[in-house]
Amino acid sequence: MQLPEATNFIEQIINEELEAGKFESRGNLIQVRFPPEPNGYLHIGHVKALCINFGVKEKYHGKLNLRMDDTNPAKEDYEYVNSIIEAIKWLGFEYDKLVFASDYYDELYAIAEKYIMEGNAYVCDLSAEEITATRGTLTEPGTNSPYRNRSVEENLKLFREMKAGKYPDGAKVLRAKIDMSSPNINMRDPVIYRIAHVPHYRQGDKWCIYPMYDYAHPLSDAIEGITHSLCSLEFENHRPLYDWVIEKAGFPAPVPRQIEFARLNITNMLMSKRYLKKLVDEGFVRGWDDPRMPTLMGLKNRGVPPEALKKFCADVGVAKNYSVVSLAQLDECIRDELNKTAERAMAVFDPVKLTITNYSGEEELDFEINPLDGSGATRKVKFTGTVYIDRDDFALNPPPKYKRLTVGSNVRLKAAYIVRCDDVVLDENGEVKEILCTYFPETRSGSEVKSEVKAKGVIHWVDAKYGKDVQVRRYKPLLKDEEYPDQDYAERLDKESETIFYAKCEPYVAEGEDEKPYQFMRTGYYKKCTDGGEAVLSEIVTLKDNFNK
RNA sequence: UGGGGUGUCGCCAAGCGGUAAGGCACGGGAUUUUGAUUCCCGCAUUCGUAGGUUCAAAUCCUGCCACCCCAGCCA
C-alpha cells in the first residue's frame with residue numbers, strides 16, 4: 001500500500017501501524033476526532049489541534065468527528081457549541097460528523113454496570129475530602145476505601161439508586177477499582193461517575209449522574225471507532241487509564257490509541273480561559289470577539305485570514321517539546337497571506353498639507369490595485385494638486401539615508417508626479433504646517449516621456465479635496481496583569497491595547513465594503529469596517545519597516 | 001525525595017549509527033513608482049552535561065543537571 005510521507009511524529013506512528021497491518025480489518029480507515037468541551041470559545045491554541053487532526057484526516061483520506069465533550073453540565077451551553085462550529089467553519093475545515101458525548105450517556109451507563117458486574121468498579125460513600133485524603137501523595141501510596149469490597153449486588157443496587165436520584169450531590173460516586181498504590185495517581189481508583197442534580201443543556205434532567213472525562217472520553221473514542229486520539233501533553237499521565245477503561249469495557253481490536261503533542265504557546269499571547277474570561281467579564285475588551293482577543297472570532301474580527309493561521313501551524317510543526325513560538329512568526333504568516341491578497345490603497349495617518357504651487361485643475365490617475373496578483377488591474381484616483389502626506393514622509397533635518405521629502409529634494413507621489421519641495425511653512429511652535437512644492441508634468445505616472453527628473457523615494461498621499469476622515473484603531477498585545485505588578489491593569493489596557501485617532505483616506509476606502517483588508521504603504525494592513533455609521537480602519541498587522549532599524 | 005515527559009542556533013523544528021534540513025528573527029548586498037514584496041549571500045565544527053561502546057554517535061549505553069505535567073466528585 002502506498003503510504004503518504006510523514007511530516008511529523010504522529011504521522012510516522014500512523015504509517016508504522018498501517019505498514020504493520022493494524023487497521024486492515026477496518027479497510028485501513030483512519031479516524032480522528034476534535035473534542036472541545038462546549039464551555040468556552042475556541043482560540044488560536046485550538047487551531048494547532050484542529051490542523052493536526054484535519055491534517056491526518058486529509059492525508060489518510062480518513063474521517064473526523066467534531067465531538068462536543070459535554071460531560072459536565074454545570075459549565076456547558078449551546079452558545080458555545082454554536083461558536084465552536086462557527087469558528088471551525090470559518091477556518092474552512094469540514095468534519096464528517098457532529099457528535100456529542102452526551103449522546104452516549106445510555107451506552108456509557110450500561111458499560112458502567114458491566115464494570116460493576118465484572119468487579120472493576122464500586123460505589124464509594126467517601127466524601128470528596130475523604131477521597132482526597134486517602135488518595136495518598138506524590139510519594140506515598142493511597143489507602144483502600146472501606147467501600148472497595150462491596151458485593152456486586154450491592155454495588156449494582158446502589159449505582160441504580162444513584163441514577164434514580166435517591167442520593168444528593170456528593171453522597172456517593174462510582175469508582176474504578178484499579179490500584180490505590182499505583183505510582184500514577186490517576187490509577188488510584190479514579191471517580192468515573194458523580195452525582196450532580198444539574199440539568200444538562202441537551203439532556204435536560206434525564207440524568208443526575210454524569211460520567212467523568214477519564215471514563216467518557218476513551219469510551220466515546222472507542223464507540224465512534226476512532227483510531228487515533230490526539231491530545232495535548234498534560235494527558236500523558238492519563239494514558240494508562242485511557243487504555244484500562246477501554247480494555248475493561250471489552251472493545252475489540254484495533255482499539256483507539258492516544259497520542260500526545262505539545263500545545264501551542266505564543267509569546268505575548270494570553271490564552272488561558274481564566275484570563276480571557278476576566279478581560280470579558282470586567283469589560284476590558286468589548287467581548288469574546290474583540291479584535292484584540294486571541295479567540296478565533298477575535299482573530300476573524302481582527303481581519304486575520306484563516307489561511308495565515310493554517311500556514312502558521314504548518315510552519316510551527318508538531319512535536320513534544322514544550323515550546324513558545326514568537327509572535328513575529330504568526331505576524332509573518334499574516335503578512336505573507338495579506339501581501340498576496342490585500343488591495344493596495346492610500347491613507348495618511350498624521351496628515352500635513354502639501355500644496356503644488358504650479359498645478360491647477362483636477363485629473364484622474366491610475367492606481368494599481370495589487371502589483372503582485374499579476375492582473376495589472378488599476379482604479380482611478382482623483383488628484384487636485386493639494387494633498388495630505390504623512391508627517392514623517394517629510395523631514396526638515398533628514399537623518400542619513402533618508403529617501404523621502406526634504407526641502408530642495410524630489411520625491412514621487414505614488415501613482416502621480418515627482419514633486420520638488422521649494423519651501424515649508426511652520427506654525428508658531430515650529431511644526432510643519434504646509435509644504436510647498438512644484439511638480440514636473442512629464443513625470444506623470446505611467447508616462448512614456450523620458451525625464452531627467454529623478455526621485456529617491458515614493459510616498460503616499462490623500463487628496464485634500466476628496467480625502468475622507470476615518471477613525472483608525474491600532475492594537476497592542478494583551479498581557480497578563482501579573483506581568484505589570486506596578487501598574488494599574490485597566491489603565492494600561494486603556495492606554496496601550498487600543499489606540500484610536502483620526503486620519504485621512506481615499507474615498508474608495510472610506511466608502512468601500514466592510515471587512516475588506518487593505519495594505520497601506522509603509523504603515524501596514526488594515527481592515528475597513530463601519531462602526532456607528534463611521535468608517536473605521538482597524539489594524540491587522542504592521543508592515544516590516546527596515547528604515548527604523 | 002513517586003511516576004510520566006522534554007532537552008538540537010535568539011524562537012520553532014528536521015534528524016532514527018555515516019559525519020547538523022527548513023522556517024521565523026538577525027546581518028550584508030541586488031532589484032523595486034510600497035524603506036514592502038522578490039532576489040542572492042551570511043548565520044550551530046556542534047546537538048543539556050560527564051563518561052562509555054564503535055572505524056564512525058545528536059542518534060546506542062550509564063550517571064548527572066535543568067525544565068514541564070500529575071494528589072478536581074474539571075476537561
Side-chain angles (χ1 to χ4, degrees), chain A residues 7-9 12 35-37 39 69-72 74-76 124 126-129 131-133 135-142 169-175 181-188 190-196 209-210 212-214 216-217 231-240 260 262 264-267 311-312 314-333 335-336 339-340 344 346 368 371-372 401-404 411-416 418 443 445-446 455-460 519-524 543-549:
Chain A
T7 56
N8 59 242
F9 80 97
Q12 252 173 46
E37 183 187 12
N39 71 342
D69 224 349
D70 53 359
T71 53
N72 185 3
K75 299 160 101 180
E76 299 149 1
C124 180
L126 256 25
S127 69
E129 297 70 41
I131 287 180
T132 302
R135 183 152 27 222
T137 67
L138 295 179
T139 51
E140 304 155 28
D169 292 4
K172 285 177 167 46
V173 291
L174 185 69
R175 291 228 252 171
S181 61
S182 170
N184 182 340
I185 294 181
N186 294 303
M187 299 297 269
R188 319 238 261 230
V191 171
I192 58 178
Y193 264 94
R194 79 284 214 177
I195 300 172
I209 57 171
Y210 292 95
M212 301 289 289
Y213 165 86
D214 278 319
H217 198 93
C231 62
S232 51
L233 251 26
E234 63 261 38
F235 292 104
E236 278 177 319
N237 294 326
H238 295 245
R239 200 189 325 133
E260 310 84 8
L264 176 65
N265 294 295
I266 303 174
T267 56
K311 179 177 192 291
F312 175 65
D315 285 2
V316 159
V318 184
K320 297 188 75 164
N321 303 347
Y322 291 89
S323 59
V324 185
V325 182
S326 64
L327 185 56
Q329 189 138 3
L330 206 213
D331 286 346
E332 180 51 28
C333 291
R335 274 188 218 107
D336 183 64
N339 184 42
K340 290 184 281 199
R344 313 290 123 125
M346 296 193 288
E368 196 170 12
L372 264 42
K401 295 208 259 181
Y402 191 74
K403 284 168 52 174
R404 286 160 278 160
V411 78
R412 173 175 290 280
L413 296 179
K414 171 83 177 168
I418 292 180
T443 61
S445 188
K456 291 185 309 240
V458 183
I459 65 173
H460 56 345
Q519 185 204 74
F520 298 120
M521 223 175 154
R522 291 190 55 256
T523 80
L543 233 45
K544 281 190 192 172
D545 183 359
N546 287 326
F547 177 67
N548 289 323
K549 273 175 199 157

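Below, chains carry the letters A, B, ... as their sequence lines are ordered, and counting in each starts from 1.
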> Heavy-atom distance under 4.5 Å between the side chains of A:Asn72 and A:Arg194, does that happen here?
Replying inline: yes
>> Quick check for you: among B:G4, B:A75, B:G35, whose closest atom lies nearest to any side-chain atom of A:Met212?
In response: B:A75
>> Taking the minimum atom-to-atom distance to the side chain of A:Asn184, which one of B:G3, B:U37, B:C74 wins?
In response: B:G3
> What does A:Gly446 touch in the nucleic acid at a heavy-atom separation under 4.0 angstrom: a base, only the sugar-phosphate, or nothing?
Replying inline: base
> With sugar-phosphate meaning primed atoms plus P, OP1 and OP2, does A:Thr137 contact a base, only sugar-phosphate, or nothing at under 4.0 Å between heavy atoms?
Replying inline: base
> Nearest-Å distance, CG (A:Asn186) to P (B:C74)?
Replying inline: 14 Å
>> Tell me whether A:Arg412 contacts the main-chain N or O of A:Ala455 through its side chain, where contact means a donor paired with an acceptor under 3.5 Å.
In response: no
> With a cut-off of under 6.0 Å to the ring centre and 45° to the axis, is A:Arg404 in cation-pi contact with A:Phe547?
Replying inline: yes
>> Taking the minimum atom-to-atom distance to the side chain of A:Ala319, which one of B:A14, B:U34, B:C74 wins?
In response: B:A14
>> Please check: side-chain N/O of A:Asn265 versus main-chain N/O of A:Ser323, any donor-acceptor pairing under 3.5 Å?
In response: yes
> A:Gln329 has an atom CD; how far is it from atom C1' of B:C24, in whole Å?
Replying inline: 4 Å
> Please give, in whole Å, the distance from B:U38 P to A:Lys340 NZ?
Replying inline: 9 Å
>> So if I take every side-chain heavy atom of A:Asn546 and compare against B:A36, B:A75, B:U6, which nucleotide ends up nearest?
In response: B:A36
> What nucleic acid atoms does A:Arg135 come within less than 4.0 Å of, heavy atoms only: base, sugar-phosphate, or nothing?
Replying inline: sugar-phosphate
> Counting any heavy atom closer than 4.0 Å, what does A:Leu174 reach on the DNA or RNA strands: base, sugar-phosphate only, or nothing?
Replying inline: nothing
> Mind checking the C1' distance from B:U31 to B:G17? Whole angstroms is fine.
Replying inline: 46 Å
> If you measure from the C1' atom in B:A20 to the same atom in B:A14, how many Å do you get, rounded?
Replying inline: 10 Å
> To the nearest Å, how far apart are A:Phe520 CZ and B:G35 P?
Replying inline: 16 Å
> Rounded to the nearest 0.5 Å, what separation is found between the OG1 atom of A:Thr267 and the CG atom of A:Leu327?
Replying inline: 5.0 Å
> In Å and rounded to the nearest 0.5 Å, what is the CE to CG distance from A:Met521 to A:Leu543?
Replying inline: 10.0 Å
>> Nearest to the side chain of A:Leu543, heavy atoms from C-beta on, is which of B:G2, B:U34, B:A75?
In response: B:U34
> Would one find a side-chain N or O of A:Arg335 under 4.0 angstrom from OP1 or OP2 of B:C24?
Replying inline: no
> Between A:Tyr213 and A:His238, how do the two ring planes meet: parallel, tilted or perpendicular, split at 30° and 60°?
Replying inline: perpendicular
> Hey, does A:Tyr193 reach any base, or is it just sugar-phosphate, or nothing, if we go heavy atoms under 4.0 Å?
Replying inline: nothing
> Under 3.5 Å, is there a donor-acceptor pair between the side chain of A:Thr443 and the main chain of A:Ile418?
Replying inline: yes
> Which nucleotide sits closest to the side chain of A:Lys544: B:G35, B:C74, B:A36?
Replying inline: B:A36
>> For A:Glu236 and A:Leu138, find the nucleotide of RNA chain B closest to each by heavy atoms; which residue's nucleotide sits nearer the 5' end?
In response: A:Leu138
> Base, sugar-phosphate alone, or nothing: which one does A:Pro371 contact when heavy atoms must sit under 4.0 Å apart?
Replying inline: base
> Using the P atom in both, what is the distance from B:G42 to B:A21, to the nearest Å?
Replying inline: 13 Å
>> Using a 4.0 Å heavy-atom cut-off, does A:Ser323 contact any base of the nucleic acid, only the sugar-phosphate backbone, or nothing at all?
In response: sugar-phosphate
>> Would you measure the distance from the P atom in B:G28 across to the matching atom in B:G48 and give it in whole Å?
In response: 32 Å
> Can you tell me how far P of B:U32 sits from NZ of A:Lys414, to the nearest Å?
Replying inline: 14 Å
>> On RNA chain B, does the nearest nucleotide to A:Asp69 precede the nearest nucleotide to A:Thr139 from the 5' side, or the other way round? Give the residue.
In response: A:Thr139
> With a 4.0 Å cut-off on heavy atoms, is A:Arg188 in touch with a base, just the backbone sugar-phosphate, or nothing at all?
Replying inline: nothing
>> Taking the minimum atom-to-atom distance to the side chain of A:Val316, which one of B:U34, B:C12, B:A75 wins?
In response: B:C12
>> Using a heavy-atom cut-off of 4.0 Å across all strands, would you classify A:Lys403 as base, sugar-phosphate, or nothing?
In response: base
>> When the C1' atoms of B:C64 and B:G22 are compared, how many Å lie between them, rounded to an integer?
In response: 33 Å
>> From the set B:A75, B:C73, B:U6, return the single nucleotide nearest to any side-chain atom of A:Asn72.
In response: B:A75
> Quick one: A:Glu332 CD to B:A13 P, roughly how many Å, whole number?
Replying inline: 19 Å
>> Whether the side chain of A:Asn184 engages the backbone of A:Asn237 through a donor-acceptor N/O pair (distance < 3.5 Å, no angle test) should be reported.
In response: yes
> Under 4.0 angstrom, heavy atoms only, what part of the nucleic acid is A:Ala262 near: base, sugar-phosphate, or nothing?
Replying inline: nothing
> Watson-Crick or G-U wobble partner for B:U6, using a 3.5 Å limit on both distances?
Replying inline: B:A66
>> Taking syn as a glycosidic torsion within 90° of 0 and anything else as anti, which one is B:G28?
In response: anti
>> Base, sugar-phosphate or nothing for A:Gln12? Non-hydrogen atoms, less than 4.0 Å.
In response: base
>> Rounded to whole Å, how long is the line connecting atom CZ of A:Phe9 with atom P of B:G7?
In response: 11 Å
> Between A:Arg522 and B:G35, does any side-chain N or O lie under 4.0 Å from OP1 or OP2?
Replying inline: yes
>> Say we look at B:G35 and B:C47: how far apart would their C1' atoms be, to the nearest angstrom?
In response: 38 Å
>> Nearest 0.5 angstrom please: A:Glu234 CD to A:Glu260 CD, how far?
In response: 10.0 Å
> When all nucleic acid strands are considered with a 4.0 Å heavy-atom cut-off, which category describes A:Val173: base, sugar-phosphate, or nothing?
Replying inline: base
>> Rounded to whole Å, how long is the line connecting atom CZ of A:Arg175 with atom C1' of B:G72?
In response: 13 Å
> Mind checking the C1' distance from B:A57 to B:U62? Whole angstroms is fine.
Replying inline: 15 Å
>> By the 4.0 Å heavy-atom rule, please label A:Ala328 as base, sugar-phosphate, or nothing.
In response: sugar-phosphate
> A:Ser127 near the nucleic acid: base, sugar-phosphate alone, or nothing, with a heavy-atom cut-off under 4.0 Å?
Replying inline: base
> Can you tell me how far P in B:C40 sits from the matching atom in B:G23, rounded to whole Å?
Replying inline: 11 Å
>> Side chain of A:Arg404 only, heavy atoms from C-beta on: which candidate in B:G72, B:U6, B:G35 is closest?
In response: B:G35
> With distance as the sole criterion, do the side chain of A:Glu368 and the base of B:U33 form a donor-acceptor contact below 3.5 Å?
Replying inline: no
> When you measure from the side chain of A:Tyr322, which nucleotide among B:G4, B:C74, B:A25 comes out closest?
Replying inline: B:G4
> Considering every strand shown, what is the Watson-Crick or G-U wobble mate of B:G35 when both distances are under 3.5 Å?
Replying inline: none
